[in-house]
Amino acid sequence: MIEDYVAIDLEMTGLNAKRDSILEIGAVRVKQKKVVDTYQAMIHPHMELPEEVTRLTGITNDMAGKGRELDDVFPEIADFCGDFLLLGHNVGFDYGFLKQAAINRNMMFEHQGIDTLKIARKLLAPEDKKTLQLLCDRYQIHRVHRHRALDDALAAKELYEIFEKEYEMQRPEVFVPYPLIYKAKKQSPATGRQKNHLRQLADYHNIVLNISWETLTKNEASRQIDRLIAKYGRMPKPDHLSADLKSEKHT
């Protein structure tokens with residue numbers, strides 16, 4: 001029987017821990033099955049949020065822009081988690097983002113996990129949907145804000161307790177914690193060429209970028225460049241741009 005753990009949930013700007021950013025962290029420390037502390041932090045993503053992220057979470061660019069720096073937040077959440085087990089719905093996915101953040105900062109972050117999604121897949125009928133939303137509806141778990149980190153962490157805790165109470169005696173093997181593993185390497189800083197390209201692209205489209213240039217990684221720079229090109233288009237080649245400028249001078 002697991003009595004001590006940290007239930008955790010993240011909101012992110014995308015699905016790839018190597019390319020996307022942590023947007024919000026919510027965590028619940030549980031000791032002897034009682035909540036003893038909670039943690040919540042909004043993190044500045046230094047980018048315009050994809051529309052689907054705002055639509056899903058309700059987190060706006062204004063809200064995100066008031067967030068804190070991950071460099072300040074990560075040591076806090078690492079300390080909050082301590083050596084506790086991490087519990088969450090698809091907790092390995094969230095762990096990947098936290099592990100990547102740790103590696104980028106030369107910090108250790110090693111934990112065992114309990115995954116309510118894996119538990120649900122083993123206990124419930126195959127045809128039953130296993131999303132946190134549908135499981136909360138099924139078991140009447142109330143969330144004030146859906147797809148917000150702290151609310152979802154609390155929901156995962158409640159879901160685990162329901163599963164444990166109903167099934168642990170018959171299926172104890174389902175509730176055994178397992179090591180969380182995410183293979184990652186420290187991300188390299190953006191090159192000068194990438195930064196110049198990104199600045200020129202933003203200037204050409206008359207866009208103000210809210211970016212931490214000092215901590216920008218290669219992957220983040222590539223993502224930003226791809227995002228601007230997809231939304232606004234590429235810059236003309238230099239010879240075309242020169243012709244356009246000459247044309248403007250004679251009009």
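FYI, side chains are in, hydrogens and waters are out, and symmetry mates aren't considered; it's all heavy atoms of this structure.
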Using a cut-off of 6.0 Å, state whether more than 12 heavy atoms not belonging to Glu173 lie near its atom CD. yes
Measuring from Asp4:CG to Leu87:CG, what's the distance to the nearest 0.5 Å? 12.5 Å
For His46 and His44, take the angle between the two ring planes, folded into 0 to 90°, and tell me which bin it lands in: parallel under 30, tilted 30 to 60, perpendicular over 60. parallel
Around atom CD of Gln170, are there more than 12 heavy atoms from other residues, nucleotides or ligands closer than 6.0 Å? yes
With side chains defined as the heavy atoms from C-beta onward, is the minimum distance between Leu98 and Ile25 less than 4.5 Å? yes
Look at atom CD of Glu3 and say whether more than 12 heavy atoms of other residues, nucleotides or ligands are closer to it than 6.0 Å. yes
Distance under 6.0 Å and angle within 45° of the ring axis: does Lys118 meet both against Tyr178? yes
Just checking Arg227: does its CZ atom have more than 12 heavy atoms from other residues, nucleotides or ligands closer to it than 6.0 angstrom? yes
Test log, rule side chain to side chain contact (heavy atoms under 4.5 Å, CB included), inputs Gln194 and Gln224: CA-CA 10 Å; Gln194 282 181 307; Gln224 291 283 359; over 6 Å; no
With a 3.5 Å distance limit and no angle check, can you tell me whether Asp151 reaches the backbone of His145 through a side-chain donor-acceptor pair? yes
More than 12 heavy atoms of other residues, nucleotides or ligands under 6.0 Å from NZ of Lys195: yes or no? yes
Same cluster (ILVMFWY, side-chain, under 4.5 Å), Ile229 and Leu209: yes
Quick check for you: to the nearest 0.5 Å, what is the distance between Ile103 atom CD1 and Tyr182 atom OH? 7.5 Å
Sorted by chain and residue number, the side-chain hydrogen bond (donor to acceptor under 3.5 Å, both in side chains) partners of Arg143 (sequence neighbours excluded) come out as Gln133, Asp152
Taking all atoms of both residues into account, what is the closest heavy-atom pair of Cys81 and Leu86, and its distance? SG-CD2, 3.7 Å
Qualifying residue for side-chain contact (heavy atoms from CB on, under 4.5 Å) with Leu70, from Ile77, Leu23, Ile43: Ile43
Taking every non-hydrogen atom, the tightest pair across Pro45 and Thr13: CB-CG2, 3.9 Å
Co-membership, hydrophobic cluster, residues Tyr95 and Phe74, 4.5 Å side-chain: yes
What donor-acceptor contacts under 3.5 angstrom involve side-chain atoms of residues 108-116, with partners at least two apart or in another chain?
residue : atom : partner : partner atom : Å
Glu110  : OE2  : Lys99   : NZ           : 2.3
His111  : ND1  : Phe84   : O            : 2.8
Asp115  : OD1  : Asn90   : N            : 2.7
Asp115  : OD1  : Leu117  : N            : 2.8
Thr116  : OG1  : Gly88   : O            : 3.3
Thr116  : OG1  : His89   : ND1          : 2.7

Any chance you could measure Ile225, atom CD1, to Gln200, atom CD, to the nearest 0.5 Å? 10.0 Å
Looking at Lys130 and Asp128, would you say the former's side chain and the latter's main chain have a donor-acceptor pair under 3.5 Å? yes
Tell me, do Leu198 and Leu228 make a side-chain contact under 4.5 Å, heavy atoms counted? yes
Polar contact flag, side-chain donor to acceptor under 3.5 angstrom, Asn61-Glu48: no
Heavy-atom side-chain proximity of Arg138 to Leu134 below 4.5 angstrom: no
CZ (Phe175) and OH (Tyr167) are apart, to the nearest 0.5 Å, by 9.0 Å
Do Leu10 and Leu180 belong together in a cluster built from hydrophobic side chains that touch within less than 4.5 Å? yes
Separation between CZ of Phe163 and CG of Leu123, rounded to the nearest 0.5 Å: 6.0 Å
Can you name the nearest heavy-atom pair linking Val73 to Ala41, along with the distance? CG1-CB, 3.9 Å
Checking Arg148, Lys66, Arg68, Glu11 against Met42 for side-chain contact (heavy atoms from CB on, under 4.5 Å), the one that qualifies is Arg148
Side-chain (Thr217) to main-chain (Ala190) donor-acceptor, under 3.5 angstrom: no
For the residue pair Val91 and Ile8, establish whether any side-chain heavy-atom pair is separated by less than 4.5 Å. yes
Are any side-chain N or O atoms of Asp9 and backbone N or O atoms of Gly26, one a donor and one an acceptor, separated by less than 3.5 Å? no
Tell me the closest heavy-atom pair linking Leu15 and Phe93, and the distance in Å. O-CE1, 3.3 Å
Judged by atom type as modelled, is there a donor-acceptor pair below 3.5 Å linking the side chain of Arg29 to the main-chain atoms of Phe80? yes
Please report the interatomic distance OG(Ser21) to CZ(Arg223), rounded to the nearest 0.5 Å. 4.0 Å
Side chains of Lys18 and Gln187: does their closest heavy-atom pair fall under 4.5 Å? yes
Within-4.5 Å side-chain heavy-atom neighbours: Lys231 and His205: no
Begin from the C-alpha positions of Glu161 and Lys165 and carry the test salt bridge (Lys or Arg N to Asp or Glu O under 4.0 Å) through to its verdict. CA-CA 6 Å; Glu161 291 174 348; Lys165 183 178 180 180; over 6 Å; no
Answer whether the closest heavy-atom distance between the side chains of Val35 and Lys157 falls below 4.5 Å. yes
Joint hydrophobic cluster, Val176 plus Tyr160, side-chain heavy atoms closer than 4.5 Å: no
For Ile141 against Glu158, the heavy-atom pair lying closest together: CG2-OE1, 3.7 Å
Please report the closest heavy-atom contact between Lys186 and Asn106, naming both atoms and the distance. NZ-ND2, 3.2 Å
Membership question, hydrophobic clusters at under 4.5 Å side-chain separation (ILVMFWY): are Val28 and Leu85 in the same one? yes
Decide yes or no on salt bridge (Lys or Arg N to Asp or Glu O under 4.0 Å) for Asp226 and Arg19, but give the supporting numbers first. CA-CA 11 Å; Asp226 291 344; Arg19 290 174 57 88; 3.7 Å; yes
Could you tell me if the side chain of Asn219 sits less than 4.5 Å from the side chain of Asn16, heavy atoms only? no
Kindly say whether Pro75 contributes a backbone atom to a donor-acceptor pair with the side chain of Asp79 at under 3.5 angstrom? no
Neighbour count >12 (heavy atoms, 6.0 Å) for atom NZ, Lys129: no
